Protein chains: 2
Amino acid sequence: MVRIADVAKMANVSTATVSRVISNAGTVKKETAEKVLEAIKELNYQPNMLARQLRRSETKTILVVVPDITNTFFSAVLRGIESVAIENGYQVLLGDARNDVESETTFLTLLGQKKADGLILLTARTNQKILEDLSQDYPVVLACEYYEGSKLPTVSIDNISSARKATEYLISLNHKRIGHISGPLNIVVGRDRCRGFHQAMAQHGLSVDPSLVQEGEFSFESGFNLMMKFLSLENPPTALFAGNDELAMGAIKAAKSKGLRVPEDLSVVGFDDIQFASIFEPALTTVAQPTFDMGQKAMRLLLKLIKDEELEKDQFILPDKLIVRESCKELTIEE
Amino acid sequence: MVRIADVAKMANVSTATVSRVISNAGTVKKETAEKVLEAIKELNYQPNMLARQLRRSETKTILVVVPDITNTFFSAVLRGIESVAIENGYQVLLGDARNDVESETTFLTLLGQKKADGLILLTARTNQKILEDLSQDYPVVLACEYYEGSKLPTVSIDNISSARKATEYLISLNHKRIGHISGPLNIVVGRDRCRGFHQAMAQHGLSVDPSLVQEGEFSFESGFNLMMKFLSLENPPTALFAGNDELAMGAIKAAKSKGLRVPEDLSVVGFDDIQFASIFEPALTTVAQPTFDMGQKAMRLLLKLIKDEELEKDQFILPDKLIVRESCKELTIEE
DNA sequence: ACATTTATTGTAATCGATTACATTGAGAAT
DNA sequence: ATTCTCAATGTAATCGATTACAATAAATGT
């Protein structure tokens with residue numbers, strides 16, 4: 001391995017001078033710098049980052065913990081994060097929690113071990129106290145998910161209002177018996193979307209039949225199973241607001257399997273606008289989150305925290321958008 | 001920050017002893033070790049990995065470069081990699097090339113900078129020579145994609161034979177006018193699947209109409225557009241082998257848009273068996289790759305390389321599987 | 001001509017662990 | 001009693017950079 005000392009020897013200068021050339025300190029005479037540069041090239045020298053990092057005590061690496069890397073929603077956010085990271089000379093250390101809280105928590109120890117300068121969490125299922133303590137000592141930003149009433153820097157959409165919007169869209173299409181298959185209620189976005197649903201219903205004077213609200217698991221199968229349950233009811237819903245797109249697609253598949261047509265016999269709104277939402281048939285009406293932007297914003301905030309700059313505020317709510325496609329239809333009064 | 005010296009002072013021993021306790025060297029008296037452990041706990045000491053890494057000159061980190069992190073095929077492989085990595089105390093540094101060769105190459109410099117102990121490439125689009133040189137100096141394993149005739153350690157399926165198998169399935173259903181929409185031919189798997197297609201056709205004495213073979217881009221849109229092209233032909237194909245599932249789905253969408261039914265009027269086989277293949281309608285008949293296993297195997301190989309162990313061989317071909325679902329049907333002679 | 005500043009470079013401490021080598025003391029062997 | 005082993009621990013070098021401080025030379029001011 002070529003060391004800085006080797007370069008120094010070849011260029012007939014001290015290691016300090018070489019280091020100055022590398023870091024562009026500007027206090028090196030032009031001719032000396034050229035000699036050094038030449039030696040670097042000649043020896044094909046690359047600085048050992050470990051040594052630099054130890055000395056500067058910074059890793060130029062950030063840790064990103066995702067709940068599920070195989071979910072394209074999260075990988076899209078990740079891409080936003082990485083784009084800003086790379087731009088600023090940072091690398092991304094990946095932690096895929098596989099929807100497991102414990103492994104999520106395990107990744108956090110990497111911060112204390114100085115394997116990363118900061119942390120972006122795309123999942124907020126760890127104990128809130130642990131994370132708030134961690135955030136005292138290290139730069140931490142949450143994205144997508146968040147803790148209620150916490151001051152932790154967060155980038156997300158307003159899930160409650162988005163859910164309200166989605167539900168109101170169904171209401172505007174004359175639906176009254178609207179069901180909701182939620183995500184897990186121990187996950188904040190599952191909870192908030194459920195809340196938004198209830199708020200919209202209440203605000204429009206519609207009662208919610210408790211048997212038409214079921215807690216699912218953010219998966220296709222879960223959507224399928226719970227919709228089957230709805231369909232076996234005496235009086236099934238005419239519309240459904242699903243906690244995410246997978247749930248929505250599962251539900252639609254269930255409806256079709258029972259011979260119902262979507263949207264003619266059942267209207268469905270999803271959430272997230274994952275890639276397949278537009279390819280699915282019927283193309284899914286859903287709430288789009290600005291995934292890439294959220295990732296970028298989160299990384300920009302983290303960068304500020306790392307540089308010890310003040311944040312103008314802690315909670316950043318980005319705009320969502322209801323994407324109307326083909327999975328909903330106005331209810332014609334014929335029953 | 002708590003250093004090893006702080007622990008040493010509190011426990012009234014030297015830093016060497018503390019270090020020995022931490023690394024479980026076994027040459028420390030039981031009582032001393034207990035004292036040290038207590039101090040560690042008391043001070044909440046965590047070793048600084050940067051220092052350890054510099055001294056041991058190993059990072060316990062591996063670099064994984066993927067062509068496109070938002071493609072669930074690759075994230076599934078990544079998951080396999082990470083599972084074995086974590087098990088062995090390694091972390092994964094992620095490089096998302098975003099289908100760009102240049103940024104793919106850029107990530108490789110991280111190895112020389114000692115930011116990772118080894119590299120797994122899920123993409124082989126960089127100049128072959130560069131990579132082979134790199135592989136002289138650092139542990140490198142390829143997965144999914146590979147270089148033809150290269151000795152680089154590789155884990156993949158046999159794309160040619162898989163493509164043959166897929167095509168033969170269509171032939172077994174009596175199809176004769178079979179089209180192929182390939183992936184980019186500068187990507188080895190695109191090329192090999194195309195080859196397999198031609199081989200199968202030739203082996204069964206079927207001629208390939210050149211206008212029925214088109215090079216696409218591994219995307220839904222590409223599949224859609226090229227299928228539209230096929231459909232505007234005087235004599236369109238009765239069956240299609242697509243270079244991957246996205247292409248297949250795009251093609252099916254195109255066929256449907258023209259009023260054709262799949263599989264009644266057109267049979268389609270895809271490749272990869274991504275998550276959505278089974279949810280898509282019609283559920284896609286496709287070649288499944290053992291994504292998780294490939295990832296695990298690749299990581300196990302890399303671990304061996306890192307430990308300087310011999311590999312029993314260089315090329316590992318894992319078994320694929322044709323998953324028959326609903327997108328193909330026997331051609332009844334009626335035309 | 002002398003003092004003072006400034007530009008350039010070098011020397012050596014430092015980051016925080018690991019580990020080669022040295023030291024100590026207790027028990028075993030003669 | 002003396003020497004030898006061996007277990008347990010300590011001292012200090014080391015990994016490869018960065019950087020505070022020192023030193024030198026050149027330039028400038030009076």
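By convention in this document, chain letters (A, B, ...) are assigned in the order of the sequence lines, proteins followed by strands, and residues within each chain are numbered from 1. We use all heavy atoms of the structure for the numbers below, so side chains are in, but hydrogens, waters and symmetry mates are not. No experiment lies behind these values; they were computed from the predicted model shown.
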Are OP1 or OP2 of C/dT19 and a side-chain N or O of B/Arg56 less than 4.0 angstrom apart? yes
Between B/Ala51 and A/Arg52, which residue's closest nucleotide on DNA chain D lies nearer the 5′ terminus? B/Ala51
Distance check needed: [N] [atom2] versus [X] [atom1], whole Å only.
| X | N | atom1 | atom2 | value |
| --- | --- | --- | --- | --- |
| B/Gln53 | D/dG16 | CD | C1' | 14 Å |
| A/Arg3 | D/dT18 | CZ | C1' | 16 Å |
| B/Leu50 | C/dA17 | CG | C1' | 10 Å |
| A/Asp6 | D/dC15 | CG | C1' | 14 Å |
| B/Leu54 | C/dT19 | CG | C1' | 14 Å |
| A/Asn24 | D/dT19 | CG | C1' | 16 Å |

Do you know which of A/Asn71, A/Thr72, A/Thr70 makes side chain to side chain donor-acceptor pair (under 3.5 Å) with A/Asp68? A/Thr70
Return the set of residues passing salt bridge (charged side-chain N to carboxylate O under 4.0 Å, His left out) with B/Arg300 (not counting sequence neighbours), or none when no residue passes. none
Any residue meeting salt bridge (charged side-chain N to carboxylate O under 4.0 Å, His left out) with B/Arg55, in chain and number order, not counting sequence neighbours: none
What is the per-nucleotide protein-contact pattern of nucleotides 6-13 of chain D, from the 5' end, where B denotes a base atom under 4.0 Å from a protein heavy atom, S denotes such proximity for sugar-phosphate atoms only, and - denotes neither? --SBBBBB
Using a 6.0 Å cut-off, check whether atom CD of A/Glu310 has over 12 heavy atoms from anything other than its own residue. no
Under 6.0 Å from the CD atom of B/Glu312, do we count more than 12 heavy atoms belonging to anything else shown? yes
Of all heavy-atom pairs between B/Thr59 and B/Lys114, which one has the smallest distance, and what is that distance? CG2-O, 3.1 Å
Less than 3.5 Å apart, any donor N or O on the side chain of A/Tyr146 or A/Asp192 sitting next to an acceptor on the other? yes
Please check: side-chain N/O of A/Asn127 versus main-chain N/O of A/Lys129, any donor-acceptor pairing under 3.5 Å? yes
Quick one: side-chain hydrogen bond (donor to acceptor under 3.5 Å, both in side chains) pairs with a partner in residues 37-49 of chain A, sequence neighbours left out? none
Which residues in residues 35-49 of chain A have at least one heavy atom lying under 4.0 Å from any atom of DNA chain C? none
So do A/Leu93 and A/Ile62 actually touch side chain to side chain, heavy atoms under 4.5 Å? no
Kindly determine whether B/Glu104 and B/Arg125 satisfy salt bridge (Lys or Arg N to Asp or Glu O under 4.0 Å), including the steps that lead there. CA-CA 8 Å; B/Glu104 180 179 321; B/Arg125 306 174 195 179; 5.0 Å; no
How bent is the helix from C/dA1-D/dT30 to C/dT30-D/dA1, comparing axes over its five end pairs at each side, to the nearest 10°? 50°
